[in-house]
Amino acid sequence: MEQQNIFLLFQDYLKTELQAQDWADGIDFSKVVVEPPRDLSHGDMATNAALVLNKQVGRNPRELGEEIAEILQKHTDVEKAEVAGPGFVNFRLVSGKWHKIIKQIISYGTAYGDSVSGEKKIVNIEYVSANPTGPMHVGHTRGAILGDTLANLLTKAGFDVTREYYFNDAGTQVDVLARTVHLRYLEALGVDIGEIPDGLYPGEYLKDVALALVERDGDKWQAKSETEWLAPLRDFSVKYMMDMIQEDLDLIGIQHDVFTNERDIVENGTLEKAFKVLEDLDLIYTGTLPPPKGKEMEDWTPVPLTLFRSTKFGDQTDRPLKKRDGTWAYIMPDIAYHYDKISRGFEWMIDVLGKDHSGYAERIDPTIAVFGKGKAKLDVVYNAIVKVYKDGEAVKFSKRSGNIITLREMVAEVGADAIRFFMMTRTPDSELEFDFNKVVEKSKDNPVFYVQYAHARCCSVFRNAEEMWPDMDISNAVLADVDMSSLDSIDDLEIIRLLAGWPRLVRSAAEAHEAHRVVFYLQEVAAAFHSFWTKGRGDASLRFLIEDNIPLSMARLALVRSVALVISSGLEVMGVKPVEEMHA
RNA sequence: GCGCCUGUAGCUCAACUGGAUAGAGCACUUGACUACGAAUCAAGAGGUUAGGGGUUCGACUCCCUUCAGGCGCACCA
């Protein structure tokens, strides 16, 4: 099924042929690749085979290259193969091969680009994981979109993906939440509460929680003591907040498969179990850590703690798993949580975290090595902060003052699609400027617009075609079987080559788990299409619709259709709907 | 002090995990609308990939080192 990836097809062919050579015994072919050359004048494809094999085989690369060129030349789809530079073998395909790509794209539709390289391997990707203490805001949004897009990409690449949300409903933060809600509750019952004290959550949104509580329970908790109301209010608030967060996420098309919460991990014994595993392996001991160097530590006092021998697994220092009072250190539930994931069968886990958690993987990794017996792997994608700009000015926000831009507000202002796309226009670890004015700007400077515009133009061509030839059948079924031999201009072939690279991009982006590459690829496709479009202005033979040349027009329609489909396919990974028309 | 991340054109960013002459956009200069949507396109100029060393046929990419910035560094989340 990987037949969609034309580069892989030739790579496999070449490797098979090479392995049949009389010198092939004991040679490592793993580094042989067939890829698009940087410079199109070099041909359609290039292989490094001679360069990676010459030493092993004991021949000079150019000579070996000649032999490889001959092998390639034997393939019926290869028009010409030749050695270039230090020993690259460049080759050109017969144009009919490219035409088949269009046919393929049209018949696969947006499934074009799907890969089997994931081999249905299961992968758990944890993202968002905001604690249920407030609504989703800008700070959460990038990680949420990053995780979701990555999940889409891995799914397309053939992995069996579980989308997971982990939240903390047991720590001190949710107690603070409950206390704040209690105050708001009193307020809703007419009690004057004055200012929200320091240390509690000042945000207005908790008023709604309080109102809902009044509606359910009336003044039931008003006269009760904290020990009585704390737990029930906490449960109520957490539930309310989680519902709210899920509604927020739904606005940008994010839904998780599994929600795991910290309290379950603690209460159902998973935590104890995880600890016992470490204990049984003699990895737990009581000891005193040296004071951390270079950091001001006035209140540091040497005290024996329950420690985990993480240094045995390459960590810099052993890690305390219990506090001095004997209760669990904050990291222990997280460790147990990953133990839980491994117990559920996940050997590959991805956590999407904010950059302020850097160092997290380092602390968790040693335990994963233990629980997974060396077979499990955790990849952490850290994402840097988002700076918000509006009308040319940086928007400051702080949780303290309750002055935060919520996801809900963002969606209302610029729409979910623009947010999803724009958040993916940078590599995760570099800062992102989210400019409210720019994401809605109608210019090529705005990648969202630029790509959507290309798609809309494709659709426009079809609208025009229907007007020009009202009785012509231009359905996909017909277009897939159209004679495309007339698509032989350099411009036609160039764009097809680009489209043919989509399966390859999906595969490599998934392997590197770098979903943002999809964005850059889409911009490339859009640029190529816009360029082709404009050429038709100067050269009538390059127009898509040529009234007196129906065969060529049909072939071009097939080409335009495949451009639209590849863009759609990419946008699908982004979680963005392609538009058919741009409106002012 | 230690760890992680970042440093690429004036600005904002890419570069298919080691490939050929490091690419786009913005800004700048110059062109293209009686035309499938000019919300676009074409051309020009712009670089010691922070500096230095190493590995090899070949380095932005891997290793070492220096510099600059960001984040994090018991028993807080």
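Here is the naming used below: chain letters follow the sequence lines, and residue numbers restart at 1 for every chain. Bear in mind the structure is a predicted one, so any value in this text is a computation, not a measurement. Just the heavy atoms: all of them, side chains too, but no hydrogens, waters or symmetry mates, feed the values below.
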Asker: For residues 305-312 of chain A, which side-chain N or O atoms pair as donor and acceptor with protein atoms under 3.5 Å away, sequence neighbours left out?
Answerer:
unit_1: A/S310; atom_1: OG; unit_2: A/D315; atom_2: OD2; d: 3.1
unit_1: A/S310; atom_1: OG; unit_2: A/T317; atom_2: O; d: 2.8
unit_1: A/T311; atom_1: OG1; unit_2: A/D318; atom_2: OD1; d: 2.6

Asker: Answer yes or no for A/K390 and A/F436: cation-pi contact, defined as NZ/CZ to six-membered ring centre under 6.0 Å and angle to ring axis within 45°.
Answerer: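 The answer is yes; both the distance and angle limits are met.
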Asker: Only counting residues at least two apart or in another chain, list the ones meeting side-chain hydrogen bond (donor to acceptor under 3.5 Å, both in side chains) with A/T172.
Answerer: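 Result, side-chain hydrogen bond (donor to acceptor under 3.5 Å, both in side chains) vs A/T172: none returned.
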Asker: With sugar-phosphate meaning primed atoms plus P, OP1 and OP2, does A/P61 contact a base, only sugar-phosphate, or nothing at under 4.0 Å between heavy atoms?
Answerer: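 Nothing, no heavy atom under 4.0 Å.
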Asker: Less than 4.0 angstrom between a side-chain N/O of A/Y450 and OP1 or OP2 of B/rC41, yes or no?
Answerer: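 Looking at the OP1 and OP2 atoms of B/rC41, one of them is under 4.0 Å from a side-chain N or O of A/Y450.
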Asker: Are the aromatic rings of A/H530 and A/Y453 close, with centres under 6.0 Å apart?
Answerer: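 That pair passes the under 6.0 Å test.
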Asker: Considering only the P atoms, how many Å lie between B/rC64 and B/rG23, rounded to the nearest integer?
Answerer: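 My reading of the P atoms in B/rC64 and B/rG23 gives 29 Å.
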Asker: Kindly point out which of B/rC71, B/rA77, B/rU40 is positioned nearest to the side chain of A/D356?
Answerer: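 It is B/rC71.
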Asker: Please confirm whether any donor atom in the side chain of A/N131 sits under 3.5 Å from an acceptor in the base of B/rA77, or the reverse.
Answerer: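 In this structure, the two groups form no donor-acceptor pair.
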Asker: Using the P atom in both, what is the distance from B/rC73 to B/rU12, to the nearest Å?
Answerer: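 B/rC73 and B/rU12 have their P atoms separated by 28 Å.
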Asker: Determine the interatomic distance between P on B/rU17 and the same-named atom on B/rU61; round to the nearest Å.
Answerer: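 Going atom to atom, P in each nucleotide, I get 15 Å.
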Asker: Apply side chain to side chain donor-acceptor pair (under 3.5 Å) to A/D334 and A/Y360, showing your working.
Answerer: CA-CA 10 Å; A/D334 283 5; A/Y360 183 87; 3.1 Å; yes
Asker: Would you mind classifying the nucleic acid contact of A/L305 as base, sugar-phosphate or nothing, using non-hydrogen atoms under 4.0 angstrom?
Answerer: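 Touches a base.
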Asker: Kindly say if A/R543 contacts the phosphate of B/rC36, meaning a side-chain N or O under 4.0 Å from OP1 or OP2.
Answerer: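 It does not, given that no N or O in the side chain of A/R543 lies less than 4.0 Å from OP1 or OP2 of B/rC36.
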Asker: When you measure from the side-chain N and O atoms of A/K535 to the phosphate of B/rA32, is any distance below 4.0 Å, counting only OP1 and OP2?
Answerer: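 Looking at the OP1 and OP2 atoms of B/rA32, neither is under 4.0 Å from any side-chain N or O of A/K535.
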Asker: I want to confirm an ordering. Mapping A/R426 and A/T172 to their closest nucleotides on RNA chain B, which one lands closer to the 5' end?
Answerer: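 Its nearest nucleotide being more 5', the pick is A/R426.
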Asker: Distances under 3.5 Å only, N/O to N/O: pair up the protein atoms with those of nucleotides 15-19 of chain B.
Answerer:
unit_1: B/rA15; atom_1: O2'; unit_2: A/R38; atom_2: NH1; d: 3.2
unit_1: B/rC16; atom_1: O2'; unit_2: A/S508; atom_2: OG; d: 3.3
unit_1: B/rC16; atom_1: O2; unit_2: A/R504; atom_2: NH1; d: 2.4

Asker: Assign A/S531 to base, sugar-phosphate, or nothing according to its heavy-atom contacts below 4.0 angstrom with the strands shown.
Answerer: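 Sugar-phosphate, backbone atoms only, no base.
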Asker: Say we look at B/rA43 and B/rA24: how far apart would their C1' atoms be, to the nearest angstrom?
Answerer: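 That atom pair is separated by 16 Å.
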Asker: For A/H357 and B/rG72, say yes or no: do the ring centres fall under 5.5 Å of each other while the ring planes differ by less than 30°?
Answerer: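 Check failed, A/H357 does not stack on base of B/rG72.
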